[in-house]
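Here the structure comes first, spelled out in structure tokens, and everything after it is commentary.
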Amino acid sequence: MIAIIIFFVLLVGVLYPNAYTFIGSFFPDGGFSADTYVRFFSSPSGREALANSLTISVATVLFSAAIGIPLAFVFHRFDFPGRRVLRAIASAPVLLPPLVGVISFLFLYGESGIVSRSIQNALGLAEPWPSLRGIWAILIVHAYTMYVYFFMFTSAGLERLDGAMEEAAETLGASWIAKLTRVTLPMLVPSLVGAALVTFMASMASFSAPYIFGGGVRVLSVEIFNSKLNGNTPMALVETVLLASSSLAVLFLLRWYEGRHRYSAVGKGVATQRVPITSGLAKLVAGVIGTVVVLLLILPHLMVLLMSFVKDGTWTVELLPPVYTSENYLKLFTDPTFLEPIQNSLWMAGVATGLNLAWGLLATFWLRRTRGNLRRFADILIIIPWALPGTVVALAMLESFSRVLAGTVALLPIVYFVRNIPLVVRAIDASFAQMDPAVEEAAATLGAGTIYTIRRVVLPLVLPGALAGSLLAFITALGDFVSSIIVYVYSNRPISIEILSQLRISNLGTASAYAVLLILLIAVTLLAGERIRAPGRDPLVQ
Amino acid sequence: MPHLELSHITKDFGTVRAVQDLNLEVDRGEVLSILGPSGCGKTTTLRMIAGLEIPTSGSILANQRDITRVPARQRNIGMVFQNYALFPHLDVFENIAFGLRTRRLAQPIVEARVVKALKSVRLDGFERRSVHQLSGGQQQRVALARALAIEPEVLLLDEPLSNLDPSLREELRDQIREVVREFHVTTVFVTHDQQEALSLADRIAVMQAGVCRQVGKPGEVYDKPADAFVARFLGKANLLPAENGLLFVRPENVIIHGVSGGTSGSGFSAVVTKAVFEGPMVTYTLNGNGVTLTARQFHNGRRIFQPGETVHVQIPPDQSHVIPGSDETE
């Protein structure tokens, strides 16, 4: 019975839409034909979109690595005033939902952005600078939002690193560069590959940045949306398959590389000593750099906050907004039309996450007791939504459910649910991994049956981790834009879609007030997640 | 009539045979130790008694009742796990009460039994402590109390002392012995440490590679090992080539004299090749009669023989015997 529920979700929610898309891409008019593929590859714009997607993603990985890795080293190796605060702020981009981040960058560094025009005024330039546009704009936004992956993966890798290993290298006469290249970096390979993988996939999947800020740069994720909008469904299917398969190809390539370069420490090891920065000059330099970094990191948040107080339609050519008001916020909560998107986002994310938690627990319980091919099959299906860009998942589901669910309110929360399956299952898995399997056996020897053991022992131990993972899923669903724009209908339009509509009619203030609300919701949810995880988190160790 | 009886137990994991044709009997109130190196099948045996593994063949009887396929939760067998497996989300009281609550005992009975169990492991007043606040030794005692609170037919201990500091081990060993005697519960414990087995058990079963090599009282397995493996596993042993097997003698039973004092008829001469001073005792490595052997002696302030010196060696017949077979372990 449990297996039926589990596989119903996986087969209908994951396998069927993707198989439908893949097969459908070869049957443009009902008969088998690879014509659409031929048309895609013979058109310069098609090839350009594929090439752009890949180039931008590779460049994003390099940029993010160049920022994230050194930053992680600085925080791991040095002690300086404000270190803890800075470290917390380093994760600030996480608070920005994709669409919101892109918009604030547009208003900061775009052609008429505050920073661009301030620099123009200050330096007396003829044109605003940097006036980000096109590929560079996309790359800068990507680097800002995705360096966090490298920062977090590298930090975690460095935490696990045995400090004695570097000390050993030093006693053997290694210079700092030899230490870094021959000891530290090889040990970090799994972390770095993991970060590169996540960054690459996120960049391939990225929709908001090229869609809003790209200025006509063709990338696959946006082309899919455009083809669909223009009614060219066969082309949309082909582009979907190509986006999915290039993401998967890189996934397997990196996994293979990582498998060949995995080292684990032999001993338990010691922590690395942090070097305190003591000299006055160094402190000053560190302080200045730190302040600049903090400003760059939270400027987007501040920008959205500032804009949320701008009276709609008043800010035109001035450097700073001339009229401020709080009516944007009042409107959100008093006018039912404006309140609706908030309610929509909350109920859809809530329902999807609730389903994720319930199904995830059920699936994990079942998987833990199952071996063999059925289990391997389920494992693969569970990971698929993670490996596929949001556009792909959403379009596949929209097309394959076109006769039943498409056009109804229910499809979007179902898409949220399917997209977050891997995230929640992995969180629950991790909680189970932290649990000592002997406690279940101990319960059995003390006379507890299966249900009793689950209720009194397993659930209490697993639930905190499962809830924390579900909250992350809730945030993703709450801020989602990529899949929403493909499957939403007017009556369930989420916050992100409403932000876009308000921008289209130049209601900057209203759009930004929504954005601030979204940021606050995300921040509160993250804090709640921390609280859940904190007590009783450390497993019993002797 | 044995309280617990394992007959012809075999357990396979895939193609690996973990336990082969094992026969064991434990009397009521007896403490049996299963001793062997890691991977010898001792923990698997314990888990089969607990009901956490089902034997491939053979049967397990408790009180003459076949429990081979009875689920663990219906066996009333208390087990102390190697890593204690305390429930991290429950306090000390609720950990110990867990098995009583599954039995749906009334709250006053639960409380009385928990208090009694805690008292017997000398942790009175620890009821509301979180298990995270306990030291390793205290966690171990809570695990013991939890297993005893259900008043089990049989108590199982999996490597009870292996996770503890050496200084704590002795103290806990004494405490386990006291508690087990106090509850007069039939006990089976598994260990790879011969000291632990010799000092705690009424009888010892020595296992190797899934096979039980010998069962007997501590003195028997130590002084009269059945084969070369048992001889070596329980302590240092000399196994010298003899006519129909190997002559076994413990180093401390080898007698050596200086040659100057004159020699009696039996024995042979040997040259000291190494002398290691160990405080109260000296361990000599000797070479004579074509063999190498080890001898341990209290020096009692006497002169210590130096390498190169010739000594006279005697092997007392009542403290040595011939083990059949050849020396396979070396």
Side-chain angles (χ1 to χ4, degrees), chain A residues 267-268 357 361 364-365 368-373 375-376 427-469 529 531-542, chain B residues 46-47 49-53 70-91 94-105 130-140 142-143 146-152 154-156 158 162-165 168:
Chain A
K268 226 178 181 166
L357 181 61
L361 282 171
T364 323
F365 277 118
R368 264 164 35 94
R369 289 164 198 281
T370 314
R371 290 278 171 277
N373 288 329
R375 190 208 155 122
R376 272 192 288 278
I428 300 175
D429 251 354
S431 298
F432 267 111
Q434 281 203 341
M435 190 182 75
D436 175 4
V439 297
E440 283 177 274
E441 295 180 341
T445 63
L446 294 167
T450 314
I451 303 290
Y452 191 86
T453 306
I454 288 176
R455 193 163 56 83
R456 285 288 314 275
V457 178
V458 180
L459 266 187
L461 289 176
V462 170
L463 215 51
L467 279 178
R531 293 287 301 248
I532 292 176
R533 216 162 242 215
R537 174 182 144 206
D538 46 337
L540 195 56
V541 278
Q542 46 264 333
Chain B
L46 202 69
R47 291 170 59 83
I49 301 173
L52 300 170
E53 307 277 359
V70 174
R73 68 193 150 89
Q74 291 165 11
R75 288 194 186 195
N76 199 29
I77 286 180
M79 178 153 171
V80 176
F81 290 77
Q82 184 172 8
N83 59 355
Y84 317 138
L86 296 179
F87 304 121
H89 59 301
L90 302 178
D91 62 16
E94 286 302 326
N95 259 283
I96 299 173
F98 191 93
L100 307 171
R101 300 214 189 277
T102 63
R103 285 165 174 73
R104 300 183 187 284
L105 299 180
S130 148
V131 290
H132 295 275
Q133 299 170 325
L134 304 180
S135 69
Q138 291 168 335
Q139 288 180 10
Q140 144 80 273
V142 172
R146 182 176 70 177
L148 286 169
I150 60 172
E151 296 179 355
V154 178
L155 176 68
L156 305 176
D158 188 3
S162 66
N163 276 335
L164 298 173
D165 292 336
L168 256 175

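These figures come from a predicted structure and were not determined experimentally. Excluded from the calculations below are hydrogen atoms, water molecules and symmetry mates; all remaining heavy atoms, backbone and side chain alike, are included.
At a 4.5 Å heavy-atom cutoff, the contact between B:Leu90 and chain A is made by side-chain atoms alone. With a 4.5 angstrom heavy-atom cutoff, B:Ile77 touches chain A only via backbone atoms. Heavy atoms of B:Arg103 lying under 4.5 Å from chain A belong exclusively to its side chain. No part of B:Gln140 comes within reach of chain A, as not one of its non-hydrogen atoms sits under 4.5 angstrom from that chain. With a 4.5 angstrom heavy-atom cutoff, B:Arg101 touches chain A via backbone and side-chain atoms both.
Of the listed residues A:Ala444, A:Pro437, A:Gly447, A:Ala438, the one with more heavy-atom pairs under 4.5 angstrom with chain B than any other is A:Gly447. Contact tally against chain A (heavy-atom pairs below 4.5 Å) for B:Gly99, B:Ser135, B:Ser130: the top residue is B:Gly99. Per-residue heavy-atom pair counts under 4.5 Å with chain A were compared for B:Glu94, B:Gln74, B:Arg47, and the maximum is reached by B:Arg47.
Between A:Asp436 atom CG and A:Leu461 atom CG the span is 9.5 Å, to the nearest 0.5 Å. From B:Ile96, atom CD1 reaches atom CD1 of B:Ile150 across 12.5 Å, with rounding to the nearest 0.5 Å.
Residues B:Phe98 and A:Leu446 are in side-chain contact: their nearest non-hydrogen atoms beyond the backbone lie under 4.5 Å apart. Looking only at side-chain heavy atoms (C-beta outward), B:Val80 and B:Leu156 stay at 4.5 Å or farther from each other.
Judged by the 6.0 Å distance and 45° axis criteria, B:Arg146 is positioned over the aromatic ring of B:Phe87.
The side-chain contact (heavy atoms from CB on, under 4.5 Å) with A:Val458 is formed by just one residue from the set A:Thr453, A:Val439, A:Leu361; it is A:Thr453.
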